[in-house]
Amino acid sequence: MQKAFNIKAREFDLEATMYSGQTSQPPWHKNGKYYSELLIIDNKPSLVTIKQEDNKLHVKIESPEKVPLSEVKEKLNHIFDLKFDIEGFYDFLSSYPPLDSIVDYSRGLRLFLAKDIFECIISSITSANCSIKRWTKAIDNMKRLWGQKYTFSKGTFYSFPAPDVLANLDDDSLRLAGVGYRAKYIRKTSKRITRIKLDVMDYDEAFHLLLKFPGIGPKVADCILLYGFRKLEAFPVDVWIKKIMEHFFSVDDRHLRDFAREEFGEYAGYVQLYLYDYARKSGIFGGV
DNA sequence: TACCAGGTCGTAT
DNA sequence: ATACGACATGGT
């Protein structure tokens with residue numbers, strides 16, 4: 001089946017979102033202005049290709065079986081958080097004195113949410129003490145080495161391997177993907193993670209549960225909750241966030257997470273996204 | 001060539 | 001609770 005349609009995408013910058021380094025997944029496969037990725041729609045592997053034009057997203061879908069277009073649309077709305085009232089967020093930021101100008105820097109940037117929650121968990125673990133370039137490549141390696149292979153007219157794509165596949169590899173094999181010492185964290189967490197139900201938990205409960213898994217500390221837990229489960233009060237604190245927060249506020253590093261949730265509430269995740277983008281790209285700390 | 005990377009873990013205080 | 005070194009290895 002091959003179909004094409006459009007969806008509305010206001011206040012959205014696809015390219016900025018795609019390359020903003022969020023640990024949900026690597027950027028999609030780029031071909032000119034088109035981005036393609038394998039998505040599981042209605043349990044059917046489908047190749048989805050998108051292109052942004054003004055306030056629209058052009059969508060093409062190729063699938064061996066018929067898939068409901070409403071579900072493709074829903075999935076894309078979810079992944080790019082297109083239903084989020086981003087203007088409400090802009091209003092919040094622009095009336096918040098220390099941060100009132102950072103909006104202009106990243107307008108259109110939205111959450112890049114997980115297409116596969118397990119991929120997001122492993123991406124987040126792999127990203128620790130690792131460059132964005134390297135962890136995104138490692139995830140692509142894992143897909144190519146151990147994922148399921150699907151061939152479409154546009155080329156070959158791989159799914160991210162299931163938890164039991166990674167759980168049953170030994171550490172030396174896992175290292176072939178380039179994950180280094182994180183191999184044992186990935187293997188052990190893969191073995192246990194399948195049994196948990198984070199989606200029905202509230203933020204606090206899920207956060208403390210995640211901390212019990214090897215390779216998951218506070219920063220990675222917040223990435224999983226924000227980019228994986230869309231817990232908007234999550235505020236991942238990394239080296240860039242520490243620098244930029246120190247620039248704007250006078251709060252001890254160790255209390256940044258609590259401070260942010262109290263100060264920004266349901267906007268904490270988006271504030272983090274915009275601060276991170278600003279810190280890396282503004283050049284005030286040396287740039288990306 | 002060294003040095004760094006969207007931190008976490010284990011150990012010592 | 002807080003501090004600090006080790007950690008694999010690709011990228012530059």
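Keep in mind that the numbers below use all heavy atoms, side chains included, and drop hydrogens, waters and symmetry copies.
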Original post:
With sequence neighbours left out, what residues match A:Ser20 under side chain to side chain donor-acceptor pair (under 3.5 Å)?
Top reply: A:Gln22

Subject >> P atoms of B:dT8 and C:dG11, separation to the nearest Å >> reply: 22 Å

Identify each donor-acceptor pair in which a side-chain atom of residues 208-215 of chain A lies under 3.5 Å from a protein atom, sequence neighbours left out, and give them as a table.
none

**OP:** Could you note down all residue pairs passing salt bridge (charged side-chain N to carboxylate O under 4.0 Å, His left out) where residues 93-105 of chain A supplies at least one of them, sequence neighbours left out?
**Re:** A:Asp104-A:Arg107

Subject >> Of A:Lys184 and A:Lys137, the one whose closest DNA chain C nucleotide lies more 5' >> reply: A:Lys184

Subject >> Whole-angstrom distance between C:dG5 and B:dC3, as gauged at atom P >> reply: 16 Å

Original post:
What residues, two or more places apart in sequence or in another chain, satisfy salt bridge (charged side-chain N to carboxylate O under 4.0 Å, His left out) together with A:Asp172?
Top reply: none

Can you tabulate the close N/O pairs, meaning under 3.5 Å, that link protein atoms to atoms of nucleotides 3-9 of chain B?
residue: B:dA5; atom: O3'; partner: A:Cys130; partner atom: O; Å: 3.2
residue: B:dA5; atom: O3'; partner: A:Ser131; partner atom: N; Å: 3.2
residue: B:dA5; atom: N7; partner: A:Asn129; partner atom: OD1; Å: 3.4
residue: B:dG6; atom: OP1; partner: A:Cys130; partner atom: O; Å: 3.4
residue: B:dG6; atom: OP1; partner: A:Ile132; partner atom: N; Å: 2.2
residue: B:dG6; atom: N9; partner: A:Tyr276; partner atom: OH; Å: 3.4
residue: B:dG6; atom: N7; partner: A:Gly21; partner atom: O; Å: 2.6
residue: B:dG6; atom: N7; partner: A:Tyr276; partner atom: OH; Å: 3.2
residue: B:dG6; atom: O6; partner: A:Gly21; partner atom: O; Å: 3.2
residue: B:dG6; atom: O6; partner: A:Tyr227; partner atom: OH; Å: 3.2
residue: B:dG6; atom: N1; partner: A:Tyr227; partner atom: OH; Å: 3.3
residue: B:dG6; atom: N1; partner: A:Gln272; partner atom: OE1; Å: 3.1
residue: B:dG6; atom: N2; partner: A:Asp238; partner atom: OD2; Å: 2.8
residue: B:dG6; atom: N2; partner: A:Gln272; partner atom: OE1; Å: 2.1
residue: B:dG6; atom: N3; partner: A:Asp238; partner atom: OD2; Å: 2.0
residue: B:dG7; atom: O5'; partner: A:Asn129; partner atom: N; Å: 3.4
residue: B:dG7; atom: O4'; partner: A:Asn129; partner atom: N; Å: 3.4
residue: B:dG7; atom: N1; partner: A:Asn129; partner atom: ND2; Å: 3.4
residue: B:dG7; atom: N2; partner: A:Tyr181; partner atom: OH; Å: 2.6
residue: B:dT8; atom: OP1; partner: A:Gly217; partner atom: N; Å: 2.9
residue: B:dT8; atom: OP1; partner: A:Gly217; partner atom: O; Å: 3.1
residue: B:dT8; atom: OP1; partner: A:Lys219; partner atom: N; Å: 3.3
residue: B:dT8; atom: OP1; partner: A:Val220; partner atom: N; Å: 2.8
residue: B:dC9; atom: OP1; partner: A:Gly215; partner atom: N; Å: 2.9

**OP:** Hydrophobic side-chain clustering at under 4.5 Å (ILVMFWY, transitive links): who's grouped with A:Ile40? Put none if nobody.
**Re:** none

Subject >> C:dA6 versus B:dC4 - spacing of their P atoms, nearest Å >> reply: 14 Å

Every protein N/O lying under 3.5 Å from an N/O of nucleotides 10-12 of chain B:
none

Original post:
Excluding sequence neighbours, so at least two apart, what forms salt bridge (charged side-chain N to carboxylate O under 4.0 Å, His left out) with A:Asp253?
Top reply: none

**OP:** Can you run down the salt bridge (charged side-chain N to carboxylate O under 4.0 Å, His left out) pairs that involve residues 227-236 of chain A, sequence neighbours left out, and say none if there aren't any?
**Re:** A:Asp81-A:Arg230

Original post:
When you list every nucleotide of DNA chain C with an atom under 4.0 Å from a heavy atom of chain A, which one comes first 5' to 3', and which comes last?
Top reply: C:dT2 to C:dT12

Original post:
With A:Asp116, which residues qualify under salt bridge (charged side-chain N to carboxylate O under 4.0 Å, His left out), at least two apart?
Top reply: none

Original post:
Is the closest basic N to carboxylate O distance between A:Lys242 and A:Glu246 below 4.0 Å?
Top reply: no

Subject >> By side chain to side chain donor-acceptor pair (under 3.5 Å) - contacts of A:Ser106 (at least two apart) >> reply: A:Asp277

